[in-house]
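Reading through the structure tokens given below for one structure.
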Amino acid sequence: MKKLSELWQKRILWLCISGVFITSFFAFPIPNLEAQDKFEDVEVRVIRPRYFNKKFRLELGGAFTAVMNQNFIYTYLGTGMLTFHFAEWIGLELMGSYGFSIDKGDKSLLFDDEGIKTLIERDKFDLFGSLIITPIYGKYQLTSGRLIYFDTFFTLGAGLSGLEFKFDHCEDSGVNNPPDETISYPGFQGGIGQRFFLSKKTSVRWDVRGRFLSFNQNDGNCEKNTEAFLENPPPSVSKNRTSIFMQLGMSYFL
Amino acid sequence: MKKLVIILMLFIFSEPLLANYRAAQSFFQRRDYVSSASAFFNALAAAPSKAVARKSEWGLAQSLQKLEFYYSASKYYSDIVRRGPKGSNPFFKNALEEIGKVNSRVQIGQSQVVKLFKKSVNIGNVPSSARGFYYYYQGLEAFKDGANSRAYKLFKKVPSRSSYYLKARFHMGVASTAAGKNNQAVRIFEGVRRQAPSGARGDYLRELTNLNIARIKYGAKKYRDALNYYKFIPRDSDNWLQALFEASWSFFMLQKHNNVLGNSHTILSPFFINRFYPEVYILKAITYLKMCDTKKVRVAVNDFQRRYKPIFKDIRNMLARYKDDYSGFFKLISNYKRGRLNRYKKTKSILDHLMRTDSFKEGVDTIRFSDRELSRLSRVGRWGASGLKDELKNFLRRKKSAAARDAGRRLFKKGTGYFKYLKELSEQTIRIKTEMLLKDLDSLRRELKIPVSDKKGDFIGGLQELKVGQKLEYWPFEGEYWEDELGYYVYNVESLCKKKKRKKRK
């Protein structure tokens, strides 16, 4: 399979984002959550101004992100988020991450003990658009009596992920190592998270998301720049990759 | 010649006595106030002349004030002021000025202040900086005697730069209300509200003005306006529950029955199990009566009797026991506050209510300040020999017992009033029950004449009127009370009157 050109990757990405967003309105009949939340069959209710309103508000956030499911490296990314909430329960989020990876001790042990060098693709950046659905709004009371409001949200989105190939496994292959390269691939993601509202403008948030993409293993081939490879490229070997991201950050509502 | 010899002899003999005063002055100038206080005290005791005695007394008061023994200083300032303005009392004006300052720092108590002005004072003799203090307390005395108009005039004379100014303005509002001049009162209260500074004292004053304006509005049948002032009482205030309760009556008059019941739900919640709001049961009963729900009327009435009937005997015994022992009554309330109540345990709700009154708080403050000075006194070793320590200890102990007695007397009077009120409410519940037995609730309902015109608009919890487009949050009450939900409950029940009418017609 031929690698998609960068232009096509972008086109597909935006098509996915728009598709997810547009179809979501048809896929889920907009539930009248507010009406359901009035507890009209209950004899005694608390009725008061809502502590935190998200409707038509823009949320700006930043987070520290770590990839949780890697054996040989640690990957950390800085993440920025921009979310617009169309209603209390639905919004659209744009998220961008950029980061770096550090080798774990296991990687060098594997080489020292077994002489094995592994091909490792590293998460370099992410650029995703997601639909964010917030069906749960609640509160906690601390022992001090202080009340913390929170909501729980789910995300579903699509976007581009950049994987970095360092070719450090190629040292003994007898050819010149290709230079480090970051290649972007379209992907999908889904996640769950919570915001804890510290005030009427700020929240602390965490979320876990799983990102799924498929990349061509030949992109990490040590010989990819050799004449033989370019003249007679091997059939592409598609490999699925799932990354679990854990994010912890803060956001500010305009 | 004979005269000259006498003068010379007097001079020679008084010289050692004057040495005490000179030493005291020297200590004072060196800012060694502990030594100067002791030396001035000795000089006062052995003063060779009136003039030296007056100077020593003043020096002693000043030394004590510098050492932050405010109550002790106030003793000597009071002695000076009580002698009145005359040539032989040169420190009258200064002492009046200083005692005013001391009183704004630590309340010395109205009983002590009142004694200062037993003799009438020409206002020309009151220094301008002490006029606020002077007029304010004169006004309070007049108000206590029921002379509202005189009180109003005295409060009005408090200069605007005085630290007593806002308090005096507040009392002007109270005096105007008592005189039935409601518009004037609201105007004055609004002014106090605006001018009250930020900080605890200003907040408290603002809170009291809000309560007073709300009450005036309620009295003028402007129930919606009343609610707009009640809602300003902060949740962490001692007055909050009172405001919620009074606001319930406004809701009742506006026929917002679900709000009345919602507020009652808060007041009767376990959070306020010891608070004294027996009238809430009656309010609940008559609200259900208006809603034609006889079952619930009966429940409310029975709840009242179950809760309050068993405590009647204890209250009666308690009041009999402390009829002539006001200090003991004050101590009983203090014990309740400290969680050490070991008798009359069923009277908790009344004791709790008394504990929250200004009379009790003033008494506690005076005792606390006295205790603080007593404890500091015991650490000043040098005053023992001169007898100053004993004199101050005696003064502070007397002050403590007077504070307990005075506060106890006022609290006992209030307690007796609460018991009378409780008995009246009990009679009302009996009447409601009797009418129910006679199935004559319609006559009772007719008695609750409520205007029907002002029914528009809805209220959410927190005494707030629902605004168009306002985003709300709803939480169900499922038997579990959350502290943050108190004050926000609104019932969701419908009146049964229409249903019953329809049934009757059929």
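Here is the naming used below: chain letters follow the sequence lines, and residue numbers restart at 1 for every chain.
Here CD of A:Gln141 is found 6.0 Å from CD of B:Glu483. Values are rounded to the nearest 0.5 Å. B:His265 contributes atom NE2, which lies 13.0 Å from atom CZ of A:Arg45 (distance to the nearest 0.5 angstrom). With rounding to the nearest 0.5 angstrom, the CD atom of B:Gln464 is 11.5 Å from the CD1 atom of A:Ile47.
Atom NZ of B:Lys361 sits in a crowded spot, with more than 12 heavy atoms from other residues, nucleotides or ligands closer than 6.0 Å. Heavy-atom contacts from other residues, nucleotides or ligands closer than 6.0 Å to OH of A:Tyr74 number 12 or fewer. Atom CD of B:Glu494 sits in a sparse spot, with 12 or fewer heavy atoms from other residues, nucleotides or ligands closer than 6.0 Å. A 6.0 Å sphere centred on CZ of A:Phe84 holds more than 12 heavy atoms belonging to other residues, nucleotides or ligands. Annotation: B:Arg201, atom CZ; neighbour count of heavy atoms from other residues, nucleotides and ligands within 6.0 Å does not exceed 12.
Heavy-atom pairs under 4.5 Å with chain B peak, among A:Glu43, A:Lys139, A:Arg48, at A:Arg48. Your options are B:Leu466, B:Val493, B:Leu472, and the one with the most heavy-atom pairs under 4.5 Å with chain A is B:Leu472. Note on A:Asp41, A:Leu147, A:Val44: by heavy-atom pairs under 4.5 Å with chain B, the leading option is A:Val44.
The aromatic rings of B:Trp475 and A:Tyr149 sit tilted relative to each other, their planes meeting at an angle between 30° and 60°.
Heavy atoms of B:Glu485 lying under 4.5 Å from chain A belong to its backbone as well as its side chain.
Between B:Tyr474 and A:Val42, the closest side-chain pair of non-hydrogen atoms is not below 4.5 Å. Put simply, the side chain of A:Tyr51 does not reach to within 4.5 Å of the side chain of B:Asp484, judged on heavy atoms.
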